[in-house]
Amino acid sequence: GAVVSQHPSRVICKSGTSVKIECRSLDFQATTMFWYRQFPKKSLMLMATSNEGSKATYEQGVEKDKFLINHASLTLSTLTVTSAHPEDSSFYICSARAREGGTDTQYFGPGTRLTVL
Amino acid sequence: AQTVTQSQPEMSVQEAETVTLSCTYDTSESNYYLFWYKQPPSRQMILVIRQEAYKQQNATENRFSVNFQKAAKSFSLKISDSQLGDTAMYFCAFTPGTTSGTYKYIFGTGTRLKVLA
């Protein structure tokens with residue numbers, strides 16, 4: 001299967017600082033990537049759809065100025081949490097869309113645990 | 001609205017036995033894709049199996065198989081010869097496919113499966 005990496009795996013930052021998370025598709029090109037947030041023992045909540053070369057599409061209720069997404073190449077999307085606050089502490093997961101045998105499948109990164117102090 | 005329902009929050013099974021996880025969905029689309037993902041304690045989302053709605057044959061992947069009932073909008077996952085490594089949260093996911101122009105997944109709330117030694 002396709003491999004997606006995510007960096008960093010863990011980050012601790014102070015309130016008010018910005019944090020960037022990278023998502024890379026390692027062995028395939030991804031025109032579309034997705035960013036999710038997951039609370040403990042809960043399902044994944046889609047935050048935004050990241051399209052290469054265009055603006056991200058944010059889900060309702062997600063602040064686009066707080067969660068900046070850039071998809072500058074076919075293998076890299078970044079999520080920047082700006083002016084992070086403790087309520088932004090969460091597990092963030094990215095995925096990349098791959099087309100295999102006529103089926104669109106999302107492959108997921110290993111996630112990033114963000115802790116804001 | 002498209003929805004995915006997993007009615008079993010938690011399940012357990014003895015090692016080497018068979019267990020079935022249920023998933024129902026609601027959509028007006030005629031073509032779509034369904035997936036089961038596994039999320040072990042590491043929190044890495046792993047694709048278990050996928051099914052294209054226009055294919056009548058149920059998908060199988062080694063010990064994992066699905067019972068896809070399109071008319072009933074049901075997509076259950078059967079795990080045979082359960083192993084301790086199958087202990088994880090299992091998510092059912094739906095995507096309407098490329099004709100709709102969106103590739104977003106709709107996830108169920110998950111079923112936590114514990115395999116007992």
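Each chain gets a letter, A, B and so on, in the order the sequences are listed, and its residues count up from 1.
- For the residue pair A:Ser50/A:Ser77, the side-chain donor-acceptor check at 3.5 Å is satisfied.
- Contacts between residues 55-66 of chain A and chain B, counted as heavy-atom pairs separated by less than 4.5 Å, involve A:Glu59.
- A donor-acceptor pair under 3.5 Å links the side-chain atoms of B:Gln51 to the main chain of B:Ala59, judged by distance alone.
- Formation of a donor-acceptor pair under 3.5 Å by the B:Thr111 side chain with backbone atoms of B:Gln8 is found in this model.
- Heavy atoms closer than 4.5 Å to chain B are found in the backbone of A:Lys42, but not in its side chain.
- For the residue pair B:Ser80/B:Arg63, the side-chain donor-acceptor check at 3.5 Å is not satisfied.
- With a threshold of 4.5 angstrom between heavy atoms, B:Tyr105 approaches chain A through its backbone and through its side chain.
- When heavy atoms are compared at a cutoff of 4.5 Å, B:Met89 approaches chain A solely by way of its side chain, counted from C-beta outward.
- Among B:Gln39, B:Lys104, B:Glu52, the residue making the largest number of heavy-atom pairs under 4.5 Å with chain A is B:Lys104.
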Walk me through it: do A:Arg97 and A:Asp104 pass the test salt bridge (Lys or Arg N to Asp or Glu O under 4.0 Å)?
CA-CA 6 Å; A:Arg97 178 176 70 93; A:Asp104 284 293; 2.6 Å; yes

From CA spacing to verdict: salt bridge (Lys or Arg N to Asp or Glu O under 4.0 Å), A:Glu22, A:Lys20:
CA-CA 7 Å; A:Glu22 292 187 348; A:Lys20 181 185 282 188; 5.7 Å; no

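- For A:Thr105, the parts sitting under 4.5 Å from any heavy atom of chain B are the backbone and the side chain alike.
- For B:Arg43 and A:Phe91, the positive end sits near the middle of the six-membered ring, less than 6.0 Å away and at most 45° from its axis.
- Inter-residue side-chain proximity for A:Ile93 and A:Gln38 is flagged as met; some heavy-atom pair is nearer than 4.5 Å.
- No part of B:Gln6 comes within reach of chain A, as not one of its non-hydrogen atoms sits under 4.5 angstrom from that chain.
- A centroid separation of less than 6.0 Å is found between the aromatic rings of B:Tyr37 and A:Phe108.
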